[in-house]
Amino acid sequence: MLFTPHRIGALDVPNRIVMPPMTRSRAGRGEVATELMAQYYAQRAGAGLIVSEGTQISRQGQGYAWTPGIHTPEQVAGWRRVADAVHAAGGRIFAQLWHVGRVSHIALQDGGAAPVSSSALIAQGVKVFVDPEGRGPEAGVGEMVQHSAPRALRLDEIPGIVADYAQAARNAIAAGFDGIELHGANGYLINQFIDSQANARDDEYGGSLPNRLRFLREVAQAVSDAIGADRVGVRLAPLTTLQGAVDDTPQATYLAAAKLLDDIGIAYLHIAEADWDDAPGMPDAFREALRMIYRGTLIYSGKYTKARAENALARGWADLIGFGRPFIANPDLPYRLQHDVPLNEGDRSRYFGGGAEGYTDYSRAA
């Protein structure tokens with residue numbers, strides 16, 4: 001089933017293989033996507049769908065050095081090169097829209113301001129990557145530091161961030177992307193509103209589950225209104241606790257989130273499973289409940305092999321499967337999976353920052 005076509009909203013894809021978002025930290029000055037990035041994504045256009053690396057919707061939304069943005073004309077032009085290259089190679093690509101919230105540092109914020117979040121809570125031990133010497137991505141040298149203490153967003157600031165998401169979605173379409181994915185997972189801003197232990201608000205954005213889901217609903221509705229719900233996906237990590245985002249009743253919370261997104265009518269829901277060693281598994285009953293509640297396309301990502309992917313598709317939990325890290329070292333991953341060709345191993349020392357080495361120089365099988 002991996003190699004059969006599927007329809008995602010208004011987009012037809014030729015296979016069920018997704019290249020999910022993976023930060024590679026190679027944006028140029030001004031957080032602009034480069035020609036090298038265009039080559040990297042075009043090499044992987046055999047995926048049924050590519051979802052770009054996380055792309056900040058504003059300067060405030062940036063949490064790591066050398067990650068690309070989509071909020072200035074220069075950034076839009078940079079992404080246009082990428083989208084054009086992917087389309088010329090026969091691919092399809094969505095932009096993942098990202099606001100990291102508290103997972104940032106004053107060195108990355110305009111004027112050295114504190115990062116913002118749902119609440120003024122620090123996630124101890126959660127680190128971000130900074131470039132204190134300003135050497136740029138080519139040097140590949142920086143420092144991991146504890147994220148800076150955030151401040152809670154005021155009520156009057158939240159509509160502006162919702163508007164930033166909507167404008168970023170318009171910018172993505174102007175850049176030639178086929179659609180956008182909202183990053184609502186991995187402890188970033190949307191997740192900081194959703195999860196009970198990351199949200200200590202006592203207003204209409206905190207406390208009860210409907211209140212904690214309000215920000216997700218407003219953002220998803222705003223981007224759907226801006227570009228059409230059939231061009232919108234959302235990534236969630238229902239049962240993980242990444243970067244200090246912990247929920248007391250995660251199954252109830254994320255089934256409610258899925259129902260909310262189904263009501264809006266978005267094109268797909270992208271479920272990020274835990275992918276570290278000895279991570280807890282996702283219960284079959286939860287997968288089945290998601291399938292009953294959410295009627296659009298379901299994508300699952302997280303340490304999938306070809307056999308696991310085929311099983312998930314056969315059992316009906318998933319419509320597409322994201323393969324993540326295997327795409328780093330295997331630009332022709334769909335071909336290798338289809339023909340059972342052994343996979344290249346990625347050079348982990350070159351995952352973040354640097355130039356072409358460990359980025360666009362991996363061999364192809366055919």
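Everything quoted here is computed from the prediction, not taken from an experiment.
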Grouping I, L, V, M, F, W and Y whenever their side-chain heavy atoms are under 4.5 Å apart, do [X] and [Y] come out in a common cluster?
| X | Y | answer |
| --- | --- | --- |
| L121 | L242 | no |
| W79 | V223 | yes |
| L49 | Y294 | no |
| I264 | I173 | yes |

Ring centers of W66, F352 separated by less than 6.0 Å | no
Are any of the side-chain heavy atoms of M144 and F129 separated by less than 4.5 Å?
-> yes
Measure the shortest side-chain to side-chain distance between P137 and S25 over non-hydrogen atoms and say whether it is less than 4.5 angstrom.
-> no
What's the verdict on side-chain contact (heavy atoms from CB on, under 4.5 Å) for N344 and R336, showing C-alpha distance, side-chain angles and the deciding distance?
-> CA-CA 10 Å; N344 296 325; R336 289 175 182 263; 3.3 Å; yes
What is the distance from atom CZ of F3 to atom CG of N15, rounded to the nearest 0.5 Å?
-> 7.5 Å
Exactly one of Q192, H183, Q60, Q62 clears side chain to side chain donor-acceptor pair (under 3.5 Å) with H99, and that residue is Q60
R16: which of D319, T297, T4 passes side chain to side chain donor-acceptor pair (under 3.5 Å) | T4
When you measure from the side chain of [X] to the backbone N and O of [Y], does any donor-acceptor pair fall under 3.5 Å?
| X | Y | result |
| --- | --- | --- |
| T55 | E53 | yes |
| T67 | G54 | no |
| R350 | Y359 | no |
| Q146 | A123 | yes |
| R26 | R24 | yes |
| R92 | G48 | yes |
| D131 | G136 | yes |
| Q75 | H71 | yes |
| S117 | A120 | no |
| N199 | Y205 | yes |

Could you walk me through whether K306 and D340 pass salt bridge (charged side-chain N to carboxylate O under 4.0 Å, His left out), step by step?
-> CA-CA 9 Å; K306 179 180 177 179; D340 296 314; 3.0 Å; yes
Which residues satisfy the side-chain hydrogen bond (donor to acceptor under 3.5 Å, both in side chains) test with Q109, sequence neighbours excluded?
-> S104
Set of side-chain hydrogen bond (donor to acceptor under 3.5 Å, both in side chains) partners for S119, sequence neighbours left out | none
Residue pairs meeting ring-ring contact (aromatic ring centres under 6.0 Å, His included), one or both in residues 235-272, sequence neighbours left out, come to F94-Y268
Only pairs at least two apart or in different chains count here, so list each ring-ring contact (aromatic ring centres under 6.0 Å, His included) that has a residue in residues 302-348.
-> Y335-H339
Which heavy atom in [X] sits nearest to a heavy atom in [Y], and how many Å separate them?
| X | Y | answer |
| --- | --- | --- |
| P238 | I271 | CD-CG2, 3.8 Å |
| I106 | P115 | CG2-CD, 4.5 Å |
| A95 | S52 | CA-OG, 3.4 Å |
| R170 | I227 | N-CG2, 4.0 Å |

Could you walk me through whether R287 and E273 pass the salt bridge (charged side-chain N to carboxylate O under 4.0 Å, His left out) test, one step at a time?
-> CA-CA 11 Å; R287 299 177 192 270; E273 297 184 60; 2.9 Å; yes
Parallel, tilted or perpendicular, as decided by the 30° and 60° cut-offs, for the rings of W98 and Y64 | parallel
Quick one: do the R214 and N211 side chains pair a donor with an acceptor below 3.5 Å?
-> yes
Derivation and outcome, side-chain hydrogen bond (donor to acceptor under 3.5 Å, both in side chains), residues D248 and Q197 | CA-CA 7 Å; D248 292 322; Q197 292 188 32; 2.8 Å; yes
Taking everything shown except E288 itself, do over 12 heavy atoms lie less than 6.0 Å from its CD?
-> yes
Counting only heavy atoms not in R151, do more than 12 sit closer than 6.0 Å to its CZ atom?
-> yes
Could you go through the side-chain contact (heavy atoms from CB on, under 4.5 Å) check for D247 and R212 one step at a time?
-> CA-CA 11 Å; D247 191 74; R212 287 186 284 112; 3.1 Å; yes
Those residues at least two apart in sequence (or on a different chain) that pass salt bridge (Lys or Arg N to Asp or Glu O under 4.0 Å) with R364 are none
For R59, enumerate each residue passing the salt bridge (Lys or Arg N to Asp or Glu O under 4.0 Å) test, keeping only those at least two apart in sequence or located in another chain.
-> D110
Under the side-chain contact (heavy atoms from CB on, under 4.5 Å) rule, what do I158 and E218 come out as? Steps first, then yes or no, please.
-> CA-CA 10 Å; I158 292 175; E218 290 180 352; 4.3 Å; yes
